[in-house]
Amino acid sequence: MAVIMFLFGMWFYKSEGKVAKFLSGYNMKSADERKKYDENAMCKAYGKRMMFMSVPFIIGIIIDI
């Protein structure tokens, strides 16, 4: 699961804002409201957060092996 979460984080980070539709709550906003946000920056921030959260679990997997 941790590796999958890390890969999703990489996908969000490298998407250049194309996967913003998968962000919770953002996809429910109207088109006018979405124009106020920088989708690329949001996806990069979310991707970094996902990768950061998965690192301790990946380290734990490596230690167990």
Side-chain angles (χ1 to χ4, degrees):
M1 281 307 287
V3 174
I4 292 171
M5 193 163 132
F6 186 82
L7 292 174
F8 270 112
M10 289 291 291
W11 181 48
F12 269 87
Y13 187 79
K14 293 184 176 192
S15 72
E16 299 176 359
K18 295 175 186 167
V19 295
K21 60 185 171 196
F22 295 113
L23 294 175
S24 177
Y26 182 73
N27 57 357
M28 300 296 288
K29 294 184 182 289
S30 67
D32 292 333
E33 290 181 70
R34 288 186 201 164
K35 291 179 183 177
K36 298 177 185 176
Y37 297 98
D38 182 7
E39 293 178 348
N40 189 23
M42 278 194 325
C43 286
K44 281 190 180 232
Y46 194 74
K48 283 181 187 177
R49 189 175 304 131
M50 287 180 71
M51 289 185 287
F52 179 73
M53 289 188 305
S54 68
V55 168
F57 294 104
I58 293 171
I59 291 171
I61 291 168
I62 293 170
I63 290 172
D64 282 345
I65 292 175

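In this text the structure is predicted, and so the values were computed from the model without any measurement.
- Transitive grouping of hydrophobic side chains (ILVMFWY, heavy atoms separated by less than 4.5 Å) keeps Ile4 and Ile59 in distinct clusters.
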Can you give each donor-acceptor pair under 3.5 Å made by side-chain atoms of residues 18-26, sequence neighbours left out, with the distance rounded to 0.1 Å?
{"unit_1": "Tyr26", "atom_1": "OH", "unit_2": "Arg34", "atom_2": "O", "d": "3.4"}
{"unit_1": "Tyr26", "atom_1": "OH", "unit_2": "Glu39", "atom_2": "OE2", "d": "2.6"}

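- Note that CE of Met10 is 10.5 Å distant from OG of Ser54, once rounded to the nearest 0.5 Å.
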Passes side-chain contact (heavy atoms from CB on, under 4.5 Å), Tyr37 versus Met42? Steps please.
CA-CA 8 Å; Tyr37 297 98; Met42 278 194 325; 4.2 Å; yes
Between Met50 and Phe12, is a side-chain contact (heavy atoms from CB on, under 4.5 Å) present by the stated rule, with each step listed?
CA-CA 9 Å; Met50 287 180 71; Phe12 269 87; 4.2 Å; yes
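- Taking hydrophobic clusters as Ile, Leu, Val, Met, Phe, Trp and Tyr residues chained together by side-chain heavy-atom distances below 4.5 Å, Met51 shares a cluster with Ile58.
- We find the CZ-CD1 distance between Phe57 and Ile62 to be 14.0 Å, quoted to the nearest 0.5 Å.
- Met1 contributes atom CE, which lies 8.5 Å from atom CZ of Phe8 (distance to the nearest 0.5 angstrom).
- The CZ atom of Arg49 sits 10.5 Å away from atom CE of Met5, with the distance rounded to the nearest 0.5 Å.
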